[in-house]
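Written below as structure tokens is the structure these notes are about.
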Amino acid sequence: MSTPHINANPGDFAETVLMPGDPLRAKYIAENFLQDARQVTDVRNMFGFTGTYNGKPVSIMGSGMGIPSMSIYARELIVSFGVKNLIRIGTCGGINQGTKIRDVIFAQGASTDSNVNRARVRGYDFAAIADFGLLENGVNAARRLGIEAKVGNVYTTDTFYQADSSFYPELDKLGVLAVDMETAGLYGVAAEYGAKAMALFTVSDHVITGEATPPEERQSTFNEMVKIALESI
Ligand code: ADE
């Protein structure tokens with residue numbers, strides 16, 4: 001049955017959904033990496049597709065930007081379409097001095113300036129973490145493909161344009177690798193509704209050094225990350 005934001009039918013989604021932020025990236029993955037892909041939803045042009053990869057069913061759906069958008073789609077996928085595994089694939093901004101543009105990063109945990117996860121636990125802290133099995137499979141897939149990956153804490157922010165970027169060196173000191181805008185929301189929703197979640201990214205820019213990946217290189221680093229995610233299933 002359709003939900004307010006997904007006009008698919010029961011059984012249209014596979015148990016595992018890869019979620020890039022951009023719905024056109026979802027289309028690109030479906031067209032270039034999956035076999036027998038068909039579009040299953042198009043509300044607000046937030047496209048979702050289901051096909052197979054190496055014979056295994058898999059879906060790809062855009063999440064949009066930010067915790068609220070990701071949380072809406074993740075909740076509806078889990079609660080109304082029976083999705084069990086959600087894997088965010090996206091970009092992040094490097095924070096740590098050891099984090100370089102084009103690096104692949106797995107979010108073992110996600111800190112945040114958002115209140116959504118505290119709201120889940122009466123105002124206390126909630127450690128938003130990746131599912132260990134999905135994380136292990138992802139790291140193992142990267143190793144098999146010969147791609148070096150970093151694993152650690154990330155920071156999910158509500159504000160891409162930070163008024164006070166002097167906070168980033170403080171996060172660096174605490175060992176936070178990178179900043180994104182969705183992962184803490186995804187991990188919180190997955191915990192609340194009993195699904196598994198994991199996020200991996202490529203570093204598109206560095207918030208301390210100001211470096212950025214040239215646009216012409218973004219596609220190849222994105223493809224590497226997609227391959228890791230698909231091979232991890
Ligand atoms: N995703 C990619 N780069 C980012 C940044 N600098 N801040 C937040 N999210 C990002």
Side-chain angles (χ1 to χ4, degrees), residues 14-22 25-26 28-30 32-35 37 51-61 63 74 83-111 127-156 171-172 174-180 182-184 186-187 190-191 195-206 209 211 213-214 217-233:
E15 283 196 352
T16 299
V17 180
L18 267 51
M19 301 189 77
D22 179 350
R25 293 271 189 178
Y28 170 85
I29 296 167
N32 291 282
F33 289 86
L34 300 193
Q35 290 85 47
T52 60
Y53 181 78
N54 286 344
K56 292 181 192 157
V58 60
S59 297
I60 323 279
M61 180 166 177
S63 70
V83 170
K84 306 270 185 260
N85 308 304
L86 299 96
I87 301 176
R88 163 163 156 69
I89 45 176
T91 57
C92 64
I95 291 178
N96 193 260
Q97 295 304 312
T99 301
K100 305 276 177 274
I101 56 166
R102 304 180 199 86
D103 278 358
V104 174
I105 293 190
F106 285 88
Q108 184 177 18
S111 310
I129 56 169
D131 174 76
F132 182 72
L134 291 185
L135 184 63
E136 194 179 30
N137 289 345
V139 172
N140 285 338
R143 285 196 183 121
R144 280 198 306 277
L145 292 165
I147 298 166
E148 198 196 321
K150 297 190 165 78
V151 183
N153 203 353
V154 304
Y155 176 71
T156 300
L171 290 173
D172 180 13
L174 293 170
V176 176
L177 301 178
V179 55
D180 87 323
E182 292 81 21
T183 301
L186 171 64
Y187 287 0
K196 297 176 178 176
M198 191 267 286
L200 68 153
F201 327 96
T202 53
V203 180
S204 59
D205 55 290
H206 198 289
T209 66
E211 264 186 297
T213 319
E217 273 183 38
R218 291 204 181 144
Q219 199 61 52
S220 61
T221 50
F222 180 78
N223 286 356
E224 261 191 358
M225 176 180 52
V226 171
K227 192 105 171 93
I228 295 172
L230 288 168
E231 289 289 332
S232 80
I233 297 169

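All of these numbers come straight from a predicted model, not from anything done at the bench.
A distance of 10.5 Å separates OG of S59 from CD of E15, quoted to the nearest 0.5 Å. Between the CD atom of Q35 and the OG1 atom of T52 there is a distance of 4.5 Å, given to the nearest 0.5 Å. One distance of note links CG of L186 with OG1 of T156; it measures 9.0 Å at 0.5 Å rounding. Going from atom NZ of K100 over to atom CD1 of I105 covers 11.0 Å, rounded to the nearest 0.5 Å. We find the CG-OG1 distance between D103 and T202 to be 9.5 Å, quoted to the nearest 0.5 Å.
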Stepwise side chain to side chain contact (heavy atoms under 4.5 Å, CB included) check, F201 with V154: CA-CA 10 Å; F201 327 96; V154 304; 3.8 Å; yes
Could you go through the side chain to side chain contact (heavy atoms under 4.5 Å, CB included) check for Y28 and I60 one step at a time? CA-CA 10 Å; Y28 170 85; I60 323 279; over 6 Å; no
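Side-chain atoms of R218 come within 3.5 Å of backbone N or O of T213 as a donor-acceptor pair. Checking side-chain atoms of H206 against main-chain N and O of Q97 turns up no donor-acceptor pair under 3.5 Å.
Between P20 and A26, the shortest heavy-atom distance links the atoms CG-N, 3.7 Å. Taking every heavy atom of both residues into account, Y187 and A199 meet most closely at OH-N, 2.9 Å. A184 approaches S111 most closely through the heavy-atom pair CB-O, 4.1 Å. Closest non-hydrogen pair, A149 versus A142, comes out as CB-CB, 4.2 Å. The two residues A107 and T183 make their nearest non-hydrogen contact at CB-CG2, 3.9 Å. In terms of heavy-atom proximity, L34 sits nearest to G51 at CD1-N, 3.9 Å.
Counted within 6.0 Å of CD on E148, heavy atoms from surrounding residues, nucleotides or ligands total 12 or fewer; the atom is thus considered open.
Remark: K196 pairs with no residue by the salt bridge (Lys or Arg N to Asp or Glu O under 4.0 Å) rule, at least two apart or across chains. Take Y155 and apply the ring-ring contact (aromatic ring centres under 6.0 Å, His included) test, not counting sequence neighbours, and it matches F167. Contacts of R144 classified as salt bridge (Lys or Arg N to Asp or Glu O under 4.0 Å), with partners at least two apart in sequence or in another chain: none.
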Per-pair distances, 0.1 Å, donor-acceptor, side chain in residues 225-233, under 3.5 Å, sequence neighbours excluded:
unit_1 : atom_1 : unit_2 : atom_2 : d
K227   : NZ     : Y53    : OH     : 3.4
E231   : OE2    : Y53    : OH     : 2.5
S232   : OG     : A229   : O      : 2.7

Would you mind writing out the side-chain donor-acceptor pairs for residues 128-137 within the sub-3.5 Å range, not counting sequence neighbours?
unit_1 : atom_1 : unit_2 : atom_2 : d
D131   : OD2    : G133   : N      : 3.1
D131   : OD2    : L134   : N      : 2.9
N137   : ND2    : G133   : O      : 3.4

Side-chain atoms of residues 83-95: list all donor-acceptor pairs with protein atoms under 3.5 Å, sequence neighbours left out, distances to 0.1 Å.
unit_1 : atom_1 : unit_2 : atom_2 : d
N85    : ND2    : T16    : OG1    : 3.0
R88    : NE     : D180   : OD2    : 3.0
R88    : NH1    : E182   : OE1    : 3.4
R88    : NH2    : T91    : O      : 3.4
R88    : NH2    : D180   : OD2    : 3.2
R88    : NH2    : E182   : OE1    : 2.9

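Between F106 and L177, the closest side-chain pair of non-hydrogen atoms is not below 4.5 Å.
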